[in-house]
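Everything on this sheet refers to the single structure shown next.
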Amino acid sequence: LFFISEYNHTMKHFHFFERVLASFFQSTTTRTAGYNTIDFSRISYATVLVSIILMYIGASPGSTGGGIKTPTLAIIVLSVISIMKGSRDVTVFNRRFSDEIMMKVLALIALSLFFVLSIVFILLMIEPFSFEKILFESFSAFGTVGLSMGITSFLSSIGKLLIIILMFIGRVGALTFIFAFAENVLPLKYAVPQENVDIG
């Protein structure tokens with residue numbers, strides 16, 4: 001996707017092999033490394049979208065990267081496949097994911113989007129930069145990536161503080177952040193009746 005969207009944009013002066021190499025490198029480094037071989041302040045809107053998606057996914061568990069992590073994405077994809085197959089369980093390699101794991105995945109997606117989009121909303125009100133630059137900066141902070149479209153040093157003190165908070169949440173993890181405040185909540189020792197709700 002980098003190769004397609006930047007072929008005649010920031011990489012238009014590159015040779016074919018350099019375009020392939022730069023595309024591979026940028027799609028990898030966007031996950032957490034933060035290095036760049038192209039000018040991110042001049043990338044196309046399509047590349048901004050691709051970068052945001054990759055930064056939101058982030059690295060794998062156990063690494064120093066942020067984001068929702070690759071297994072979370074895999075479970076979401078497997079859930080969609082299971083629904084399309086009409087299967088009751090989400091399975092892979094003859095193993096089934098528990099309901100608790102599925103709930104944590106949904107909570108992680110919801111909480112992370114809530115945190116990121118809330119800060120994006122505030123930054124859009126207090127900072128003079130364009131929508132795509134603030135969105136890119138916020139998702140880069142959440143994924144602890146380190147990439148920028150050139151606005152980091154020009155943010156206000158409040159804007160920089162918000163980006164720092166987002167980096168902290170992204171590194172610690174949205175679920176861990178919430179569990180830290182909910183650790184003293186006692187679990188229910190009973191089950192309530194089940195209810196079916198129409199969705200979609």
Side-chain angles (χ1 to χ4, degrees), residues 1-2 24-38 40-41 43 47-79 97-98 100-127 129-185:
L1 293 174
F2 263 95
F24 177 78
F25 181 77
Q26 291 307 152
S27 62
T28 304
T29 193
T30 312
R31 307 291 293 287
T32 184
Y35 299 113
N36 59 295
T37 55
I38 61 174
F40 267 83
S41 65
I43 58 175
T47 309
V48 171
L49 178 62
V50 172
S51 301
I52 286 172
I53 291 169
L54 291 175
M55 291 188 295
Y56 180 64
I57 295 167
S60 295
S63 71
T64 57
I68 61 171
K69 303 294 193 296
T70 49
T72 305
L73 175 68
I75 291 173
I76 290 294
V77 172
L78 290 168
S79 300
F97 292 112
S98 67
E100 183 182 1
I101 291 292
M102 299 307 298
M103 287 179 66
K104 283 183 177 180
V105 165
L106 292 174
L108 176 58
I109 297 290
L111 286 171
S112 60
L113 285 176
F114 171 77
F115 285 130
V116 176
L117 296 179
S118 295
I119 289 180
V120 166
F121 179 78
I122 298 170
L123 288 173
L124 286 170
M125 290 194 299
I126 66 173
E127 301 293 342
F129 306 107
S130 60
F131 174 74
E132 73 276 2
K133 289 185 177 181
I134 286 179
L135 200 65
F136 187 96
E137 195 81 12
S138 299
F139 276 94
S140 177
F142 176 75
T144 61
V145 175
L147 289 174
S148 175
M149 293 184 75
I151 68 170
T152 310
S153 59
F154 300 104
L155 291 171
S156 64
S157 298
I158 297 174
K160 289 175 182 175
L161 180 62
L162 291 171
I163 290 295
I164 291 169
I165 292 169
L166 202 48
M167 290 167 66
F168 178 76
I169 294 171
R171 180 61 196 95
V172 173
L175 278 181
T176 307
F177 192 74
I178 293 299
F179 287 158
F181 294 100
E183 62 180 2
N184 295 323
V185 177

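Along the sequence shown, the residues carry numbers beginning at 1.
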Next on the checklist: Closer than 3.5 angstrom, by distance alone: can the side chain of Ser112 be matched with the main-chain N or O of Leu108 as a donor-acceptor pair?
Outcome noted: yes
Checklist entry - Should we count CE of Met125 as having more than 12 external heavy atoms under 6.0 Å? => result yes
Next on the checklist: Less than 4.5 Å apart, side chain to side chain, heavy atoms only: is that true for Asn36 and Leu147?
Outcome noted: yes
Checklist entry - Is the shortest heavy-atom distance from the side chain of Phe142 to the side chain of Ile119 under 4.5 Å? => result no
Next on the checklist: Counting only heavy atoms not in Leu106 (residues, nucleotides, ligands), do more than 12 fall under 6.0 Å from its CG?
Outcome noted: yes
Item to check | Closest non-hydrogen atom pair, Val145 against Thr29 | outcome: CG1-O, 4.0 Å
Checklist entry - If you measure from CD1 on Ile163 to CD1 on Ile134, what distance do you get to the nearest 0.5 Å? => result 8.5 Å
Next on the checklist: Would you say that Glu132 contacts Ile52 through its side chain, given a criterion of any heavy-atom pair below 4.5 Å between the two side chains?
Outcome noted: no
Next on the checklist: Closer than 3.5 angstrom, by distance alone: can the side chain of Ser27 be matched with the main-chain N or O of Phe24 as a donor-acceptor pair?
Outcome noted: yes
Checklist entry - Taking all non-hydrogen atoms of both residues, which atom of Ser41 and which atom of Met149 are closest, and how far apart? => result CB-O, 3.5 Å
Next on the checklist: Any side-chain to backbone donor/acceptor pair from Thr72 onto Ile68? Under 3.5 Å, distance only.
Outcome noted: yes
Checklist outcome for this item: In this structure, OH of Tyr56 is separated from CG of Leu113 (nearest 0.5 Å) by 3.5 Å
Next on the checklist: Taking Phe136's backbone N and O only, do any of them form a donor-acceptor pair with Ser140's side chain (distance below 3.5 Å, no angle check)?
Outcome noted: no
Which side-chain N or O atoms in residues 151-158 pair as donor and acceptor under 3.5 Å with protein atoms at least two apart or in another chain?
| from | atom 1 | to | atom 2 | distance (Å) |
| --- | --- | --- | --- | --- |
| Thr152 | OG1 | Glu137 | OE2 | 2.3 |
| Thr152 | OG1 | Ser148 | OG | 2.9 |
| Ser156 | OG | Glu127 | OE2 | 2.6 |
| Ser156 | OG | Gly159 | N | 3.1 |

Next on the checklist: Treating Thr144 as the side-chain partner and Gly66 as the backbone partner, does any N or O pair qualify as donor plus acceptor under 3.5 Å?
Outcome noted: yes
Item to check | Heavy-atom side-chain contact between Val116 and Leu166 under 4.5 Å | outcome: yes
Item to check | 4.5 Å side-chain heavy-atom contact, Phe139 and Ile53 | outcome: no
Checklist entry - Does Ser138 reach the side chain of Leu123, with side-chain heavy atoms less than 4.5 Å apart? => result yes
Next on the checklist: Return the CD to CZ distance between Gln26 and Arg31, rounded to the nearest 0.5 Å.
Outcome noted: 13.5 Å
Checklist entry - Step by step, would you call Thr30 with Phe2 a side chain to side chain contact (heavy atoms under 4.5 Å, CB included)? => result CA-CA 11 Å; Thr30 312; Phe2 263 95; 3.9 Å; yes
Checklist entry - Taking atom OG1 of Thr70 and atom CD1 of Ile75, what is their separation to the nearest 0.5 Å? => result 10.0 Å
